[in-house]
Each structure stands twice: as structure tokens, then as C-alpha cells.
Protein chains: 2
Amino acid sequence: MPEKNALISQAKAVLAKNWTGEFTKPTANLYPHQWNWDAGFIAIGYAHYDMDRAEAELRALFRGQWRNGMLPHIIFREERSAQYFPGASFWRTHLAVEAPADLRTSGITQPPVQGFALWHIYQTATDKDRALNLVKELYPKILRMHQYLYAFRDPEQEGLACIRHPWESGTDNSPTWDGPMARTDLSRVQLPAYERADNKIGQAEHRPTQRDYDYYVYLLDIYRRYNYNEVSIHAHCPFRIQDPLFNSMLQRSNECMAELAPLIGESPMVWQDWAIHTREAMNHKLWDAERGTYNAFDLVAGEVIRIETSSGFMPLFAGIPSEAQAQKMIYRLSGPAFSGTTENPAYLCPTLNLQDPRLDFRKYWRGPIWINMNWLLWHGLRRYGYDTLARRVKEEAMSLIRQHGFFEYFHPLKKAEGEIALGAADFSWSAALYIDWELGGD
Amino acid sequence: MPEKNALISQAKAVLAKNWTGEFTKPTANLYPHQWNWDAGFIAIGYAHYDMDRAEAELRALFRGQWRNGMLPHIIFREERSAQYFPGASFWRTHLAVEAPADLRTSGITQPPVQGFALWHIYQTATDKDRALNLVKELYPKILRMHQYLYAFRDPEQEGLACIRHPWESGTDNSPTWDGPMARTDLSRVQLPAYERADNKIGQAEHRPTQRDYDYYVYLLDIYRRYNYNEVSIHAHCPFRIQDPLFNSMLQRSNECMAELAPLIGESPMVWQDWAIHTREAMNHKLWDAERGTYNAFDLVAGEVIRIETSSGFMPLFAGIPSEAQAQKMIYRLSGPAFSGTTENPAYLCPTLNLQDPRLDFRKYWRGPIWINMNWLLWHGLRRYGYDTLARRVKEEAMSLIRQHGFFEYFHPLKKAEGEIALGAADFSWSAALYIDWELGGD
């Protein structure tokens with residue numbers, strides 16, 4: 001195994017390779033554009049050794065922000081559009097009055113990590129004056145983004161933002177979306193013609209199914225037909241879900257922005273108000289006391305989705321559970337559902353409960369370990385004082401990287417045979433968060 | 001009767017008296033703030049003799065435009081707020097993220113007259129370069145406003161914008177709203193405490209009823225509770241109506257902006273597309289072939305509102321009816337329903353069909369003649385070549401002004417006894433449109 005310094009150099013080389021001159025791609029081929037939450041994690045890594053790039057990463061991302069505040073999940077690089085589906089011409093966001101005029105983006109968002117990414121960059125920065133200038137620059141944009149989420153994604157003022165597409169969750173093909181997706185009989189829907197690109201570049205069996213993709217396109221077609229008009233989408237969207245991962249990112253960003261606001265002479269009040277409201281709503285509506293986790297809530301069906309994924313542990317990152325709730329969560333995390341058994345132990349943290357029949361060790365968000373989820377969980381566990389478990393979550397992620405490289409995701413079983421490292425190699429956020437772990441201190 | 005020049009001087013004196021230093025009030029006491037569609041008509045009058053004021057009027061109005069494009073129906077003058085209900089503190093629009101930060105406004109809009117007001121100002125201007133600069137300045141703001149109306153007020157993309165409050169129609173207490181308003185049992189609603197100001201300054205019997213006002217406040221309370229969030233309002237609004245007056249103003253503004261766009265190097269295409277769509281929708285959905293008028297459509301009940309008001313003739317102003325449709329409308333206008341009988345003739349144009357049991361000769365928008373409606377109708381009739389009838393509509397309005405002064409509204413019957421001139425004296429748009437008639441040529 002390569003030693004620490006060599007691995008840090010390799011991680012930096014991954015980011016350098018994926019740097020386009022303007023921003024950092026998630027990986028070389030599969031994802032040729034800029035992705036929203038990827039950019040946040042990538043900037044956190046850059047902050048340790050190249051503040052120019054950290055800043056450039058977030059600036060490039062916010063150039064795609066819509067006038068209504070929405071931060072799109074993809075900012076397209078025009079010249080590469082043909083290599084990715086759905087590309088800019090499929091989204092047709094240039095017909096949306098709220099979309100930026102000078103560059104193309106997707107028409108949906110992703111977990112709002114920018115508030116806490118900015119906070120981490122500020123913490124890491126040695127030149128605090130410079131970092132404060134970045135805070136000043138991004139403050140109104142992040143504020144506008146949270147305003148968008150609390151207005152258009154929470155029309156009942158519950159304190160919980162909803163996602164309207166599996167891609168908005170960040171955990172694209174999580175089994176959490178299976179039920180809501182199954183409600184639509186796609187054989188009765190006129191789908192636009194399309195051709196996938198992801199399963200030609202990536203390995204098809206590790207990628208979402210054709211049925212999944214049809215549904216993704218079905219939703220997208222509704223949104224583009226209404227030119228991404230928020231009121232029309234609200235009226236016609238068959239998929240509206242309050243997800244614990246998404247809302248935990250929002251909540252942690254609220255906390256971080258409330259800390260940053262006074263440093264630039266702004267009031268923390270709006271962030272604090274949102275934080276109180278969201279914390280209460282998470283605990284009131286999404287907490288599953290029986291199993292010790294947070295569920296997603298299906299707004300269209302009006303019911304809780306009782307599927308246990310690693311997203312359910314993300315409220316730890318945002319300080320949402322009480323000490324007692326956290327204890328229940330840790331119990332769950334340490335038990336066979338996520339840690340496996342003595343005979344068949346698992347790395348923490350599988351994306352899905354290992355006893356769930358929908359488990360698929362190699363399929364994207366239906367089982368594998370993801371580095372960003374471990375990073376978030378590590379922070380969450382430390383926040384509640386579970387240092388031993390936190391260290392395990394970190395060490396297991398780092399050891400997978402050391403053994404296999406900066407892959408996109410990994411098989412969760414320790415005794416797995418065959419392919420362990422999955423998805424794209426040289427995946428940017430795996431490299432960036434590895435750097436943060438190595439250089440960020442403990 | 002005063003002669004022409006003396007009356008023009010009097011009209012200018014009315015506007016001078018109502019000028020606040022920043023904009024022109026509709027009248028001295030009853031309406032102490034700036035009103036949206038009033039400002040448009042007022043600016044048309046100013047353009048004939050004081051371009052500074054014409055420009056100032058529209059600039060002051062657009063300072064209140066919301067970030068989402070909505071142009072509020074009132075821009076509040078902070079210091080006078082206590083004298084008007086509902087004032088800025090009742091609307092609470094400072095909690096709406098889309099509201100402007102530096103001044104207070106209401107949270108609803110009014111008929112979109114700004115596009116054609118700008119066109120009239122440009123036509124009247126002798127200094128065309130200066131007028132083009134105004135067009136350049138206001139172009140993106142009016143575009144944003146129409147985008148707002150076609151996005152948030154037309155989520156089904158029908159080509160028709162809906163109003164969500166009787167005040168948005170401009171014809172506040174028209175009987176058209178009676179049915180939709182009656183659907184709500186206000187005795188089962190917890191209304192916020194409030195005290196009217198309008199019926200203390202104006203004559204109570206010429207003003208809307210207490211029940212009307214309770215309903216106005218009921219709607220307003222829903223909107224402020226959701227901080228004027230468009231998606232929430234769409235979900236909870238019990239009053240959504242496609243009104244022919246509102247959409248005719250929108251349509252004529254589309255036409256006018258399509259003419260102005262190329263003069264400043266902009267494409268007319270977006271305006272033309274809207275215009276085609278709206279014209280078709282008006283004729284398809286709102287045209288009443290049986291009676292020869294355009295009806296309003298109640299989106300909540302999903303039904304046409306068959307009440308004949310002067311708003312039904314406004315599509316003439318926007319070139320919406322065919323020649324054959326226009327002929328039917330003229331027949332209706334010239335008959336007893338609007339022109340009265342030989343024994344009991346009426347001035348054109350009463351706000352409501354004279355045979356309607358809800359008619360009230362002195363009550364605001366339930367019968368009286370309004371100068372702006374005559375001005376719009378006059379343009380409409382000329383557009384279709386009905387010059388004799390057009391002249392009558394203009395002369396009757398001007399004669400009411402000559403006999404009684406620049407009042408807000410007038411009793412429609414020629415043989416009426418008692419009070420003929422109603423509402424506020426020295427009413428700005430009556431003066432401004434009189435000036436346009438006198439100085440605008442024919």
C-alpha cells in the first residue's frame with residue numbers, strides 16, 4: 001500500500017486531472033460537466049492546498065444559479081453536451097424564464113451542501129481576510145438558494161424542503177424512490193425518445209436500470225413541458241419527497257451560515273429561524289423511534305417511506321437528534337443491519353440496510369459505500385461524541401481508498417470477492433475528502 | 001360650462017395637486033399611495049405636457065416591482081400608511097422574499113397596463129430619442145412582469161393570466177366576483193381584526209359592503225400567512241379567475257411591446273408568441289357567442305361566470321375579436337343592456353348590464369361610468385372602425401367631466417336625479433385621460 005504522502009499526491013493528481021480550467025469534473029468520462037454537490041465536497045478538499053481552485057469551484061457553480069435562487073444539479077459545458085444524457089438540449093432550460101441567460105444548466109437541484117462547504121473552507125483557510133471576502137461574495141447567493149428551498153420546496157411551511165426528482169436526492173437509485181416511482185404506469189405514458197450514455201461508459205450492471213431511467217426522463221419531460229414553472233410543477237409533479245439527507249444538508253448549512261453571517265456584519269436570524277423550524281420538523285415528522293433512524297416522507301401518497309438507508313443517519317451531521325435519539329441511531333449503525341455479522345462483517349456505511357431484500361452490493365445507491373456519506377457520518381458521530389465509531393467510519397473509507405484507489409463507490413462486505421472498487425475511477429470527491437481527512441487533522 | 005382650455009388647465013391642476021414629489025396619488029385623501037394601473041393612465045396624460053412627470057410616474061411604480069416580476073397594486077408611502085387600510089403593516093410583504101427590500105408594497109397586482117402606457121408615451125413624445133431611452137429602461141421590467149403573469153398566473157399554459165383577488169381586477173366590487181366570493185362561509189373563518197378607512201373618507205353607500213371587505217381581508221390573510229409564496233398561494237387560493245379586462249390589458253401590452261421591441265434592437269418574438277396564444281384563448285374560452293361579449297372564467301369552480309360588465313367589451317381594445325364578433329359586441333353595446341331605453345337613456349358605458357338585478361347606479365363597479373373604461377372602449381371601437389359609437393363613448397365621458405368635474409365615477413342614467421358625480425373629486429386618471437382626449441388629437 002502506498003504511504004500517506006504518496007496517496008495525498010495521488011489524490012491531488014486526480015483533482016488536477018479532472019480540472020477543466022474552470023471547474024472540476026466528478027470524473028473524466030462518465031460525468032463531463034459540473035455537478036452541484038460534488039462541487040461542494042471538491043472545494044472542501046482544495047481548500048487545504050489551493051484556495052484559488054476552491055474559490056473557482058464554487059464561483060463556477062453559482063454562475064449557474066437561477067434567478068429564483070435554484071442552484072441546478074448540473075452546469076453544462078457546452079462542447080461536451082453530446083457525450084452526456086440528458087444533455088442541455090434535452091433539458092431545454094433556456095426556455096425557463098428563471099434560468100441564466102449565458103450558460104446552460106439542468107432544471108433540478110441537489111442536496112444544498114454549499115453553506116457548510118463554505119464554512120469548512122473558512123475554517124481551513126490560513127488567510128482569513130481572503131476567506132471572508134469569499135463569504136461576502138457567496139452569502140447572498142446561498143441565502144437566495146435557501147429562500148428558494150423554503151419557498152418553492154416547502155409550500156406548506158413545514159420546515160422541510162422536498163425533492164421532485166430522484167436525482168435531486170443525490171442518491172439517485174436508492175430503493176427509497178422505488179415505491180413512489182412504481183405508482184406511475186410508464187407503459188401508459190408517451191416518453192420522449194432518448195438514448196442513455198451512462199451505461200455505455202460505466203458498467204451497465206452497476207448503473208440504474210432502464211425502468212429507472214425511463215422514470216427519470218418521464219419526470220424531466222413534465223418539467224420541461226411546463227418550462228420549469230414552479231407553480232405548474234407543484235400542480236403536476238407525481239414525485240415530491242421529504243428526504244432526510246437533503247434536509248440534513250440544508251440544516252447543517254443553516255447552522256454554518258448562522259455562524260458565518262455575523263463575521264460579515266449580517267444577522268444570523270433568518271438562518272437560526274430556519275434551523276429551529278427544520279430541526280423540529282425532522283424530529284416530528286421523519287424520526288422513526290421504533291428503528292432509530294430518520295425516514296423519508298412521500299408527500300404525494302401522504303405516507304412515510306420505511307426503507308433504511310444511510311441517508312437516515314445524516315441528521316447526526318446537522319445536530320438534529322437529541323442525545324437519546326443519537327444513541328438509538330448508533331445502536332442501529334453498530335448492529336447487523338449496517339455493520340454486518342461476525343461471519344460476514346461489513347464496512348461502514350452501506351447505503352442500504354444489509355438485510356433489505358432490495359440490497360445490491362454493486363449497484364450505485366442500493367448497497368455500496370460512498371466516501372462522501374462516510375465523511376458526513378464521521379462528522380456526525382464526532383459531533384455526538386462517538387469517537388470510536390467515527391474513527392471506524394473514517395478508517396474504513398480510507399482503507400478502501402488505500403487498497404483500491406479513489407473510486408466512486410465500493411462493495412460493502414469485508415469478505416467480498418470479485419470487484420470491490422466500483423463505478424468511476426479517479427472520482428473527484430473521493431480524492432477531495434481523502435485530502436480533507438489526511439490534512440484536516442482530527 | 002368652462003371652455004376647453006380652462007378645463008385642460010383644471011385637469012393639469014388636479015394632477016399637480018395630487019403630485020407627491022415622487023408620483024401622483026389617485027386622489028388627495030381616499031388613496032394616499034401609488035396605485036399600479038392608475039399610474040399607467042396618469043403617465044399617458046402627463047406625456048402631453050410634462051415628460052419628466054410621465055417618466056417619474058412609471059419609474060416610481062417600477063421601484064416597487066418584486067424580484068419575481070410581480071408589479072404590486074400599491075406602492076406605499078411610509079408616512080401615510082396609517083391613513084389607509086390595509087396599510088403596509090397589514091400586508092406584511094417585508095416577510096416575502098421576493099418583495100423589494102427598500103420600500104413597502106402590497107402583495108397582489110393589478111391590470112397590466114404598463115406596456116401600452118409606454119407605447120402611448122412613445123407615440124406622444126416629441127423627443128423620440130428620449131422616449132426610446134425610457135423604452136430601453138422599462139423594457140426588461142415589463143418583460144419580467146409579463147413573464148411573471150404567464151408563469152405564475154397561468155400554470156396550465158392556457159394563455160390566460162388569472163387574478164387571485166378582486167382588487168387585482170381593477171373592478172373591485174364587480175358582481176362578477178359575487179359568486180366566487182359567496183362560496184366561502186366567512187362565519188366559519190377566523191378573520192384578523194381590522195378597521196376600514198375607505199368608508200370613513202368616502203361615502204359609505206358608494207363603497208364596497210362590509211361583507212365584501214371581510215372577504216378581501218380573508219384572501220389577504222391567506223396570502224400573508226404564506227408570505228406571498230406563489231406555490232402556496234396556488235395551492236390554497238379559493239379565488240382564481242380569468243378576467244377579460246385583465247387579459248385584454250395584458251394582450252394590448254403584448255402588442256405594444258412587440259412594436260416597441262425592434263426600436264431598441266430587441267426581438268418582438270416573445271411578445272408575438274404570447275399575443276397569439278392569449279388571443280386564441282380569449283376567443284376559445286371566454287367568448288360568449290350567444291350574447292356577444294367576453295365572460296370571466298372561474299378556475300376554482302371550473303365554470304364561466306355569466307355576468308355582463310363593461311369588462312366584456314375590453315377585448316376590442318386589444319384587437320381580440322374578429323370583425324364578426326366585434327359587430328355582435330357593438331350590437332350589445334348599442335342596445336338597452338348598456339345604452340338604456342328611449343324613455344330612460346344611459347351614458348355609455350355603465351359598468352354593469354342595466355337590466356342586471358345586481359345593478360346599483362352609485363356603487364363603485366356595480367353600475368357607474370368610469371373614465372378609464374370609456375377611454376379603453378373608445379380606442380377599441382375606433383380600432384374596429386365604429387367611429388360614431390367611439391365618438392359617443394368619448395363625448396359622453398367628457399361631457400360628464402365638463403358638467404361635474406374630474407370625479408372618480410358617475411351615475412350612468414341621463415335622467416338621473418340627485419348625485420351624479422360619485423366617489424372622489426379631483427381624481428387623477430379622470431384628469432389625465434381627459435387631457436389625452438383633448439390634446440391627443442382624434
Side-chain angles (χ1 to χ4, degrees), chain A residues 65-70 92-101 107 139-162 164 222-237 240 266-267 269-271 273-274 277 299-300 302, chain B residues 65-70 92-101 107 140-162 164 221-237 240 266-267 269-271 273-274 277 299-300 302:
Chain A
Q65 187 170 29
W66 287 27
R67 290 205 285 180
N68 61 11
M70 190 190 73
R92 282 195 221 136
T93 51
H94 60 292
L95 299 177
V97 298
E98 302 297 328
Y139 184 90
K141 299 175 199 284
I142 297 175
L143 176 63
R144 183 85 176 138
M145 179 177 108
H146 283 226
Q147 285 171 338
Y148 166 82
L149 294 171
Y150 281 106
F152 292 121
R153 300 311 184 89
D154 185 21
E156 301 305 322
Q157 302 186 343
E158 295 184 60
L160 299 171
C162 73
R164 298 188 304 213
I222 295 174
Y223 304 158
R224 71 179 188 176
R225 214 158 49 217
Y226 288 103
N227 295 329
Y228 302 94
N229 174 336
E230 288 289 334
V231 173
S232 310
I233 291 177
H234 181 80
H236 294 282
C237 179
R240 293 192 298 120
E266 298 283 349
S267 163
M269 207 156 62
V270 60
W271 309 101
D273 285 351
W274 280 330
H277 196 186
L299 285 170
V300 176
Chain B
Q65 186 170 29
W66 287 26
R67 290 204 286 180
N68 62 9
M70 190 190 74
R92 282 194 222 139
T93 51
H94 61 289
L95 299 177
V97 297
E98 302 297 328
K141 298 174 198 284
I142 296 175
L143 176 63
R144 184 86 175 138
M145 177 176 108
H146 284 227
Q147 285 171 336
Y148 165 81
L149 293 171
Y150 281 105
F152 292 121
R153 300 311 185 91
D154 184 21
E156 300 306 322
Q157 302 186 344
E158 295 185 62
L160 299 170
C162 73
R164 298 188 303 212
D221 190 47
I222 294 174
Y223 304 159
R224 71 179 188 177
R225 212 157 51 216
Y226 288 103
N227 296 329
Y228 302 94
N229 174 337
E230 288 290 333
V231 173
S232 311
I233 290 177
H234 181 80
H236 294 282
C237 179
R240 291 191 301 119
E266 298 283 349
S267 163
M269 207 156 62
V270 59
W271 309 100
D273 285 351
W274 280 330
H277 196 187
L299 285 170
V300 176

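Sequence lines set the chain letters: A, B, ... in the order given, protein chains first and strands last, and positions in each chain run from 1.
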Out of [options], return the one with the most heavy atom pairs under 4.5 angstrom to chain B.
options: Leu143(A), Asn68(A), Ile233(A), Val97(A); result: Val97(A)
options: His234(A), His236(A), Arg225(A), Arg67(A); result: Arg67(A)
options: Tyr226(A), Tyr150(A), Tyr148(A); result: Tyr226(A)

**OP:** Check whether any side-chain N or O of Asn229(B) sits under 3.5 Å from a backbone N or O of Pro155(A) as a donor-acceptor pair, and report yes or no.
**Re:** no
Original post:
Are Glu98(A) and Arg144(B) close enough for a salt bridge, meaning some N to O gap below 4.0 Å?
Top reply: yes
Subject >> Contact origin within Ala235(A) toward chain B - heavy atom pairs under 4.5 Å >> reply: side chain
Subject >> Spatial distance of atom CD (Glu230(A)) from atom CZ (Phe152(B)) [nearest 0.5 Å] >> reply: 6.5 Å
Original post:
Can you check whether Gln157(A) reaches Asn227(B) side chain to side chain, under 4.5 Å on heavy atoms?
Top reply: yes
